[in-house]
Amino acid sequence: MSIPSFLSTTARSLSHSFSHSLLSPAPGRLLPPKSASRRQMDHLQRTASNSRQNALYPARVCGIIDESETVKRLRIAVHPDFTFKAGQWVDFFIPGVEKVGGFSLCSSPRLLQQEGVIELAIKYAKHPPAHWVHTTCTVGSSVAMRVGGDFFFDPSPSDPSVDLLLVAGGVGINPLYSVLLHTADLLHLNRASGSRDYSIGSAHLCYSAKNTQELLFQSSIIEACREFPDKFSCDFHVTQQSADVDPHLQPFINRGRITDEELRTRVDPQRTLCYLCGPPPMIEAISKALMDFGLPKDKILFEKWW
């Protein structure tokens, strides 16, 4: 069965209910041709070696928000059996679009539990799935999704406390924002249970973008830092800022790229667990710096999308 006709069947099933049987992906789609370079590969080829769920779930777009001039945030109602871990991504299937998208979730698992929705923040691009989101997608559009990825934060209550260092470049903030939201939810649960749930040490976010307009989720990030001042902190970096910075943002803004000196102050080889997401050159440079500061390689987790 071809992917377009497969998705048409999925879309029709959405018009009835989410109680239909789960759909399986077409076989033989995940292995890349040996001659393809990483840049030429599509999402399924690039992530062929990553873990992913077997089931493909029908879903429906239930909200569209302009997160910035170039990024749209989709709210998507999903099948009741859909689950994910903070930091993971989805294979994103669109009826009538042959290419499969790969987008990190930017919402928390708790939002899914409470409201039955997930969120994706997708930057404009000519790549067919992203282009569809920005030019064709409407509230009510039917899609299908499958969760994948080995980049996530999902501690058990008995796990040792860690200090999170989250480092994001551009739209690489998406999975790290999910991790940050999940950490805040864990803090709320721990508070409500009288310290019986997982207790985070601290979480610091270093987030770099071209300008303040491209700093996604900035208000929510600052709100989390103010709600948990002893647990959360953040530094926003802007590399091509020409306009004046809004006063409410000013205390968090640094001009220029994330520096080694800034990272050094956040590294404790015994406690720090670092999550990185951004352009490969940034990830490679920061990973090297962190290891130079004594952080073990197995405590540096990253997701490369470009």
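Just so it is clear, the values below take in all heavy atoms, side chains as well, and ignore hydrogens, waters and symmetry mates.
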- The salt bridge (Lys or Arg N to Asp or Glu O under 4.0 Å) partners of Asp163 (sequence neighbours excluded) come to Arg271

To check you understand the geometry: which heavy-atom pair defines the closest contact between [X] and [Y], and what is its length?
X      : Y      : answer
Pro160 : Tyr198 : O-OH, 3.1 Å
Ala144 : Leu56  : CB-CG, 4.0 Å
Cys206 : Leu165 : SG-CD1, 4.3 Å
Ala77  : Cys62  : N-SG, 3.8 Å
Tyr124 : His134 : N-NE2, 3.1 Å
Ser178 : Leu105 : CB-O, 3.5 Å

Check whether any side-chain N or O of [X] sits under 3.5 Å from a backbone N or O of [Y] as a donor-acceptor pair, and report yes or no.
X      : Y      : value
Asp66  : Ser68  : no
Asn174 : Ala121 : yes
Arg110 : Ala184 : no
Lys231 : Gly201 : yes
Ser193 : Arg196 : yes
Ser141 : Cys137 : no
Asp246 : Leu249 : no

Answer yes or no: is there a side-chain heavy-atom contact under 4.5 Å between [X] and [Y]?
X      : Y      : result
Ile173 : Leu205 : yes
Cys277 : Pro175 : yes
Ile65  : Lys72  : no
Glu119 : Leu74  : no
His204 : Ser233 : yes
Tyr207 : Leu166 : no
Ser287 : Leu276 : yes
Asp154 : Gln88  : no

Regarding [X] and [Y], do their side chains bring together a donor and an acceptor under 3.5 Å, going by distance alone?
X      : Y      : answer
Thr272 : Asp268 : no
Gln218 : Thr212 : no
Ser108 : His182 : no

So how far is it from [X] [atom1] to [Y] [atom2], rounded to the nearest 0.5 Å?
X      : Y      : atom1 : atom2 : value
Leu187 : Leu189 : CG    : CG    : 9.0 Å
Asn190 : Asp185 : CG    : CG    : 12.5 Å
Arg52  : Leu44  : CZ    : CG    : 5.5 Å
Cys274 : Leu164 : SG    : CG    : 9.0 Å
Phe92  : Arg146 : CZ    : CZ    : 13.5 Å
Glu214 : Gln240 : CD    : CD    : 10.0 Å

Under 4.5 Å between side-chain heavy atoms, counting indirect links through other Ile/Leu/Val/Met/Phe/Trp/Tyr residues: same cluster for [X] and [Y] or not?
X      : Y      : result
Phe152 : Ile300 : no
Ile118 : Val139 : yes
Ile222 : Val238 : yes

- State which residues pass side chain to side chain contact (heavy atoms under 4.5 Å, CB included) with Lys299; sequence neighbours excluded, sorted by chain then number. Leu273, Leu295, Pro296

- In the hydrophobic clustering (ILVMFWY, side-chain contacts below 4.5 Å, transitive), which residues join Val117, or is it alone? Leu111

- Task: Output every pair passing side-chain hydrogen bond (donor to acceptor under 3.5 Å, both in side chains) with a member in residues 219-229, not counting sequence neighbours, ordered by first then second residue.
- Result: Tyr177-Ser220, His188-Glu227

- Item | Pairs meeting criterion salt bridge (charged side-chain N to carboxylate O under 4.0 Å, His left out) with involvement of residues 274-296, two or more places apart | Glu284-Lys304, Lys288-Asp292

- Relative to the ring of Phe228, is the ring of Phe232 parallel (under 30°), tilted (30 to 60°) or perpendicular (over 60°)? perpendicular

- Working for side-chain contact (heavy atoms from CB on, under 4.5 Å), residues Trp89 and Asn50: CA-CA 11 Å; Trp89 40 257; Asn50 291 129; 3.8 Å; yes

- Run the side-chain contact (heavy atoms from CB on, under 4.5 Å) check on Val171 and Val71 step by step: do they pass? CA-CA 9 Å; Val171 290; Val71 176; 4.2 Å; yes

- Gln114, CD atom: more than 12 neighbouring heavy atoms under 6.0 Å: yes

- Verdict with supporting geometry, Val78 and Tyr57, side-chain contact (heavy atoms from CB on, under 4.5 Å): CA-CA 7 Å; Val78 297; Tyr57 294 94; over 6 Å; no

- Indicate, with yes or no, if the rings of Phe302 and Phe151 have centres closer together than 6.0 Å. no

Donor-acceptor contacts, no H, no angles, side chain residues 251-259, under 3.5 Å, sequence neighbours left out:
from, atom 1, to, atom 2, distance (Å)
Asn254, ND2, Phe236, O, 3.4
Arg255, NH1, Gln241, O, 3.3
Thr259, OG1, Glu262, N, 3.1

- Phe93/Val143 under side-chain contact (heavy atoms from CB on, under 4.5 Å): CA gap, chis, key distance, verdict: CA-CA 6 Å; Phe93 294 81; Val143 296; over 6 Å; no

